[in-house]
Engineer: 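Below are the structure tokens for one structure; questions will follow.
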Amino acid sequence: MSELFKLSGCEFWFITGSQFLYGEETLEQVRKNSEIIVNSLNNTGLPCAVIFKGVMKTAEEITGLMNLANYDNSCAGIITFCHTFSPSKMWINGFGLLQKPCLHLHTQFNRNIPDADIDMDYMNLHQSAHGDREHGFIAARMGVSRKIVAGYWQDGEVHNEITAFMRAAAGFKAGRELKVMRFGDNMREVAVTEGDKVEAQKKFGWQVNTHPVGELAERIRGIPEARVDALMDEYSRKYIINTENTESIREQARMEAAMKELLEENHCCAYTNTFEDLYGMEQLPGLASQRLMEAGYGYGGEGDWKTSALVYIMKVMASGLNTGTSFMEDYTYDLTKGSELILGAHMLEVCPTIADSSKSKPKIETHILGIGGKSPPARLVFEGKAGKALNVSLIDMGGRMRLIAQEVECVKPVYEMPKLPVARVMWKPLPDFKTAVSAWLLAGGAHHTVLSYGVTAEIMRDYARMAGLEFVHLSADTNLMKLEQELALSDMIWRLKCLNG
Ligand code: MN
């Protein structure tokens, strides 16, 4: 049986750099101070544990520890800090071997210089300012991908930056273990949902494989009625049943149970399907896919395995925040001059974690689906909540992938839209509609995205660095002229990187 990834199961190894030059007493103080920093970090509400792994004095110690970090499955990344000077030739072999995400914490044990007491002993002990420069140099020289967090270890800003790194690293680790189940291929003739699955597995670890729709259809028919009854009970507790068509809901319950079984049996945490390949099935999964997304599975429509995997890992990144993350699609616009909005929805599959449940629970309704030629599927209909969010797209540029993150401001939908038979969200992209959509088109962002109220651009930037991905951040600061230049430059850089393997 597969289990969805647990962020709380990740740990981060804290490694303090030093050397033998200063004598036992100083090294003992370095160890004690490092422990104080680590204990303090663990009491600030970071999402994962920080484990102190000792003071490094030799190349052999560093190499040994990096090998252990690579090998230890609970280690999701390392945090390095040089309390004293730690000559960096000692780090070359270890950094060369390191396969886990790395954060360089540039801090110092004491916040202030002790005016009356500072002497040469103090200078020897508290020299992060120059020890970390030596450390930064070798990482730069070797091209070690890392996040640098600078500031005092008790400051909230530092904790927030470490938190973002941890969430990104957890998503990266979840991706290295991810299997994506494909029912049916990509939607016919669509370009943006295509991609190089071999490259994705190499870069992100995602294993994307096909499974026969016929097997799913057979499994659906075999779901016992008692299982369907239990799900129907759960639906009536959690949602408002707003349809007479009970049989359509029961069919969705069968699909939910059958897909969950197949996902678990095959150790998959994300899946795709397509309305063009439902042979042997009564309906397109609507409610069923919404429920599985709500439970933490990744989903992408029309064979979009890239977005499905991204939904899953962004759900991992946002774990515990209670904010909401969903598969999304830019559908239609409201072009009221000066207050333009994007209406996001999908044919059926929007995750109820993004529902505004303050006034009403999501409603289960059945409506005829205009495409696909199957019977009317049950689906959850609701309004998305207001608030800041991030809309993220992953596209294959040929030889490399590009991650685009657009900051948006979701609003309570400004229309009732009583005839719209699907869940809906409305948002304003930053800095303004005209700039934002032009930038999105310029960068090649897809119509399929992941909309998250919890995952920040900082987390996605950290993730892109770990995965070796091109990252385009569209925000309140987007300037079209600069973006055009950045994209041209970036294209050249990435083509060179691809040439060098
Ligand atoms: Mn779609």
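Residues take their numbers from the sequence shown, with the count starting at 1. First listed ligand is number 1; within each ligand, the first listed atom is number 1.
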Engineer: Given the rule in the salt bridge (Lys or Arg N to Asp or Glu O under 4.0 Å) test, do Lys388 and Glu407 qualify, once you have shown the distances and angles that lead to the verdict?
Structural biologist: CA-CA 8 Å; Lys388 283 188 171 35; Glu407 292 189 27; over 6 Å; no

Engineer: Can you confirm whether or not the ring centre of Tyr297 sits under 6.0 Å from the ring centre of Tyr271?
Structural biologist: no

Engineer: Are Phe5 and Tyr312 an aromatic pair by the rule of ring centers under 6.0 Å?
Structural biologist: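 No, the ring centres sit 6.0 Å or more apart.
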
Engineer: Check for me: within less than 2.8 Å of the Mn ion (ligand 1), which protein N/O/S atoms show up?
Structural biologist: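 Near the Mn ion (ligand 1), the protein supplies Glu302 OE1, Glu329 OE1, His346 NE2, His448 NE2.
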
Engineer: Excluding sequence neighbours, so at least two apart, what forms ring-ring contact (aromatic ring centres under 6.0 Å, His included) with Phe183?
Structural biologist: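 Here no residue qualifies.
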
Engineer: With sequence neighbours excluded, what pairs up with Trp305 under the ring-ring contact (aromatic ring centres under 6.0 Å, His included) test?
Structural biologist: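 Counting only residues at least two positions away or on another chain, Trp305 forms no ring-ring contact (aromatic ring centres under 6.0 Å, His included).
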
Engineer: Taking ring-ring contact (aromatic ring centres under 6.0 Å, His included) as the definition, give me every residue that meets it alongside Tyr463, ordered by chain and number, with sequence neighbours left out.
Structural biologist: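 Partners of Tyr463 under the ring-ring contact (aromatic ring centres under 6.0 Å, His included) test: none.
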
